[in-house]
Amino acid sequence: MAEAKSLGVVGSGQMGSGIAQLGAMHGLHVWLLDTDPAALYRANKSISSSLQRFVSKGQISQAACTEALGRLEYTSNMDELRSADFIVEAIVESEDVKKKLFIELDKITKSSAILASNTSSISITRLASATSRPCQVIGMHFMNPPPIMKLVEIVRGADTSDETFHATKALAERFHKTIICSQDYSGFIVNRILMPMINEAFFTLYTGVATKEDIDTGMKLGTNHPMGPLELADFIGLDVCLSIMKVLHAGLGDSKYAPCPLLVQYVDAGRVGRKCGVGVYDYRKGSEPIKA
Ligand code: NAI
């Protein structure tokens, strides 16, 4: 398969904007699509400031930054993805919503295009089965934030072809990422292990074992994690964490994966983390967590 020259990214939230930025930084023409114009506006601002940070750190030149910005197109019109060689979707973590998108992408994209999902946990095989090209559907799971984190977890669905796998691996390597490969089971590798830890941190808070600060400090200094689990949950988004726990619970059928009621309650209250200004911690008065 020829090297991808263009990339369509669907969903311009924290992951989609980072993936689009990576594509543009590595020479691909990129269409970044979102149904919400405000999300596209935010993505434009965050990509520009992220690229500018790369320039200030001497990691890319001002000319490379300008060229990358010039390769990006922002759109709400699905038809513009028609000529993309490779699509990565990074929309909301809902199987129904993603399936609808895959049906639509299957109809409008060229027949050779690969359809990848950045899903954290949802079955690639089931998303693929919504299309007429399951051999060209694959999981390409970036870590947050995509321009910085070194890992891409590649997930092959039941029918993913070797050709699709190699093209996806080549794209990740072009982005200078390290690849790990997972079978298509709920949560794959990273979230199968990470999310139960985050959920357990919520149970530790919920049952009054310790304060949020002590839970996070314990895991940072006690296990050498760069962020505590509650702080990390706020960074990922509590809505995303809850969706992943539900997928693990349903897919692996064990009560140990049941989401903590406190996590459910925070999401019900709209406290979904940093992206809305409040989650376990309150970020509205500054950029660092405020002590309770
Ligand atoms: P987000 O909430 O920041 O962004 C999602 C974006 O998708 C929003 O801008 C929304 O307007 C848009 N959207 C929703 N439905 C759409 C549709 N049908 N068509 C076009 N745009 C649509 O979410 P985030 O955190 O970027 O997550 C996106 C995906 O990436 C999810 O599948 C999530 O599980 C996965 N992921 C998230 C990570 C994280 O740390 N937040 C890490 C790795 C993967």
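First listed ligand is number 1; within each ligand, the first listed atom is number 1. All heavy atoms count here, side chains included; hydrogens, waters and symmetry mates do not.
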So the atoms of ligand 1 within less than 4.0 Å of a heavy atom of A39 turn out to be 9 (O)

**Study point:** Short side-chain donor-acceptor distance under 3.5 Å, E80 and T75
**Key:** yes

I'd like to check E231 versus K212 (side-chain heavy atoms, cut-off strictly below 4.5 Å). Are they in contact? no

of all protein heavy atoms, closest to atom 19 (N) of ligand 1 is T35 CG2, 3.6 Å

Among S120, S243, G13, the residue with a heavy atom nearest to atom 44 (C) of ligand 1 is S120

_Any donor-acceptor N or O pair under 3.5 Å, side chains Q62, Q52_ = yes

All heavy atoms of V155 vs all of I124, minimum pair found to be CG1-CG1, 3.8 Å

At under 4.0 Å between heavy atoms, what of F142 touches ligand 1? The answer is backbone

Atom 41 (N) of ligand 1 sits nearest the protein heavy atom I236 O, 2.9 Å

Query raised in the report: Are a donor atom and an acceptor atom from the side chains of S132 and D106 found within less than 3.5 Å of each other?
Result: yes

Here the atoms of ligand 1 under 4.0 Å from any heavy atom belonging to K98 are 31 (C), 32 (O)

Fill in: Any K100 heavy atom less than 4.0 Å to ligand 1
no

For E93 and S121, test the side chains for any donor-to-acceptor distance below 3.5 angstrom and give the result as yes or no. yes

Atom 26 (O) of ligand 1 sits nearest the protein heavy atom M15 N, 2.9 Å

Fill in: Residues, nucleotides or ligands: over 12 heavy atoms within 6.0 Å of E173 CD
yes

Counting from 1 in the order shown, the ligand 1 atoms closer than 4.0 Å to a non-hydrogen atom of D36 are 11 (O)

- Query: Does an N or O anywhere in D34 fall below 3.5 Å from an N or O of ligand 1?
  - Reply: yes

Polar atom proximity, D239 to ligand 1 (N or O, under 3.5 Å):
no

A student comparing M149, E93, K275 should find that the heavy atom closest to atom 23 (O) of ligand 1 comes from K275

Atom 40 (O) of ligand 1 has as its nearest protein heavy atom N144 ND2, 3.0 Å

Legend entry - Test item: side-chain donor near acceptor, Q14 and N144, under 3.5 Å: yes

*asked:* Using only atom types and a distance under 3.5 Å, with no angle test, would you say the side chain of T125 pairs donor to acceptor with the backbone of A158?
replied: yes

Quick look: V10 vs ligand 1, heavy-atom contacts under 4.0 Å, and the answer is side chain

CG (L7) and CD1 (I114) are apart, to the nearest 0.5 Å, by 11.0 Å

- Query: Non-hydrogen atoms of G237 versus ligand 1: any pair closer than 4.0 Å?
  - Reply: no

Self-check item: Test item: side-chain donor near acceptor, E153 and S182, under 3.5 Å
Solution: no

- Query: Quick one: does V240 get a heavy atom under 4.0 Å from ligand 1?
  - Reply: yes

protein heavy-atom neighbour closest to atom 30 (O) of ligand 1 works out as N118 ND2, 3.0 Å

When distances are taken from atom 3 (O) of ligand 1, the protein heavy atom at minimum range is Q14 N, 3.1 Å

*Can you tell if the side chain of R133 reaches within under 4.5 Å of the side chain of T109, non-hydrogen atoms only?*
yes

In this structure, CZ of R192 is separated from OG of S120 (nearest 0.5 Å) by 15.0 Å

Please report whether ligand 1 has a polar contact with H141, defined as an N or O pair separated by less than 3.5 Å (distance criterion only).
no

Among non-hydrogen protein atoms, atom 5 (C) of ligand 1 lies closest to A90 O, 3.8 Å

Closest to atom 18 (N) of ligand 1 by heavy-atom distance, out of I244, V92, L194, I91, is I91

